[in-house]
Amino acid sequence: MNAPVDESYSQRLARRFSRDALALTGFWLIILAFVLAALAPFLANNHAIVRVADGQISFPVLRSLEPIEWRFLINVPLAGLIYALRRPLFRNPQRGGLIVAVVVIVVQIALAFVQPYNDVTNDRTRPATFKLMPLIAWSPLESSPDALVGPSWNHLCGTDSTGRDVAARILHGARTSLAIGFVSQVIALGVGVTFGALAGYYRRWVDMVICRFIEVMECFPSLLLILVIIGLSDSQNNMIVIMAVIGLTGWTGTARLVRGEFLRLGGQSFPQAAQALGAGDLRVILRHLLPNSLGPILVTATFGVASAILLESSLSFLGFGMQAPTPSWGDLISEGRRFIDFAWWLVFFPGVVMLVTIMSYNFVGEGLRDAVDPRLQVK
Amino acid sequence: MSAPLLRVENLGIEFGPADAPVKAVDGVSFAMAAGETLAVVGESGSGKSVTALALTRLLATPPARYVSGAIQFQGREVMTMPAPELRALRGKQIAYIFQEPSSSLNPVFTIGYQIREAIEQHRPEVRDVRGEIVRALDLVGIRDAATRLGDYPHQLSGGMQQRVMIAMALACQPNLLVADEPTTALDVTIQKQIMDLLRELKSKTNMAILLITHNFGLVSDFADRVVVMFRGKIVESGPTAEVLRHPQHPYTRALIECVPKLGQKQRRLKVIDYAGIN
């Protein structure tokens, strides 16, 4: 039952985390949600994945992808590949660095040439010798003649008032909701960690100013503040505005946490030992204090993602969310509300998906919290 | 005596509010020659650790205030030294070992990494950093140094952790090692091992050692000279044997009597009678 001695902090975290079945399930569900969202065009679209007609083979889905989707779908696996090959690649650090730099630059230049291709052909109705359609053969913006029909084999989660396929919209809406949850927390984390670190490290008047600023920030009813800012902004791309606004109002908890962690760690002597060896302020903060407070930071960030997704759906529900026709989960629920008397599927399916996602994040957060807490003995 | 390595003159350090200051260090002066071993002895709160930290201006200001004094290291004034020079001085010229080895090492990095950090910062000319780390660990008597590089601090015992701290301090080949109660947190057998190690290192390298302790027992066969501090002031100083044999100040006498002696029957452990001092 004894914990193995030869393990690092992160290994210990991983081991303790993986004992928690609920947290582990949540973790894989989130990964699944991200994969499904990333692959949404291949899962819900009216462009065929493979099409054979007139003796020619073509891949209509690939042509319908936006440049930003190309960038995402190429760069994420590329990053994964580089990470997986890091050991053989960096055995010779100079050569490895050169190879990686060249590959990355070439790929980015190639990606810069991808042009948007507005493919409006509908492969579902277009005749072909052979075609492989996505699982859901509807695009999220495409209206079918039958509006407000319940779940069937044709429309897995039914259709909405203009005949759009709800399943396709949930899948594509996942991109918006997950991205907003994730990016807004990255912003909140960046701001919160910076302020918290400054306050906890320099203390005195820096701490004083930052703490009063945090208290002022916390006095604002944040939902109202967000509504005002979104209402005032005339940006076309309000996804970025929403991310920024959620992030910039939600950092205070993280800042307080980081400040507290820094104050706690300041009581131990290793930061002073580092200084005694000639380390400067930045080095002590980044190399010594921050890595030691990473656990609790991760925990709050995870809970933060869940609440950001929820906040985005509240905004959508109030009509301040994503601009139509871009779907997001909150948006779907708010649209479906009008027909809730008879078209239950409009609210039910997006609601369930959102519930599962947010619960997953919360389970992961709780699992992390237990894994970080050294007083909790491993079960 | 040759030109001093370190000269501290009239050092004064205060804590607390400006109108009711607590004088932690009050007009302390002493000097150290290269390769010399000086022990600063005194009870808790006598200002010995504050003096040690002040040597490279490690005290956070505030709460501390440097109210007076000059500190010259190899002829350079530390008190007015700009920050980059000060960082180069710390570790490279003056290295520290602290009291609590378990909290002096960063828990999330391997010991090899932490020694590497010190070497890379102060001795960029070293090519074989790994070899240098192994050499430093060998020097402090850690066996199988090469295989222990990847160990995390919590995998080591207190004595081993303190050896790593010493290795880290020695890795930069400082001219002065400040050992601030290096054995207080360790049990007696380990205490002896660490003191033996320091003694051995002293003879191997020409490094001056400033030993801060409250234990006269450690001083007798280790330090060349002793400085006794009481309430922020130096009350007595001189060659170790001299001070031990003929303590002049009542506080010194009291401190020496506090050390229990082996083979002597004692009913009650002596405590310091403050009324008799001053």
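Small disclaimer: the values here were computed from a predicted structure and weren't measured. Quick note on labels: first sequence line is chain A, next is B, and so on, each numbered from 1.
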Pick one of side chain, backbone, both or neither for B/Ile94, based on which atoms fall under 4.5 Å of a heavy atom in chain A. backbone
So, is the end of the A/Arg86 side chain (NZ or CZ) under 6.0 Å from the ring centre of A/Phe90 and within 45° of the ring's axis? no
Using a 3.5 Å cut-off and no angle test, enumerate the donor-acceptor pairs between side-chain atoms of residues 164-176 of chain B and protein atoms at least two apart in sequence or in another chain.
| from | atom 1 | to | atom 2 | distance (Å) |
| --- | --- | --- | --- | --- |
| B/Asn175 | ND2 | B/Gln93 | OE1 | 2.6 |

Backbone N/O of B/Thr56 and side chain of B/Arg90: donor-acceptor pair under 3.5 Å: yes
Those residues that, when tested against B/Gln72, pass side-chain hydrogen bond (donor to acceptor under 3.5 Å, both in side chains) (two or more places apart): none
Name the member of B/Leu89, B/Leu53, B/Thr110, B/Ile97 that forms the most heavy-atom pairs with chain A at distances under 4.5 Å. B/Leu53
Of the listed residues (A/Arg203, A/Arg287, A/Gln268), which shares the most heavy-atom pairs with chain B below a 4.5 Å separation? A/Arg287
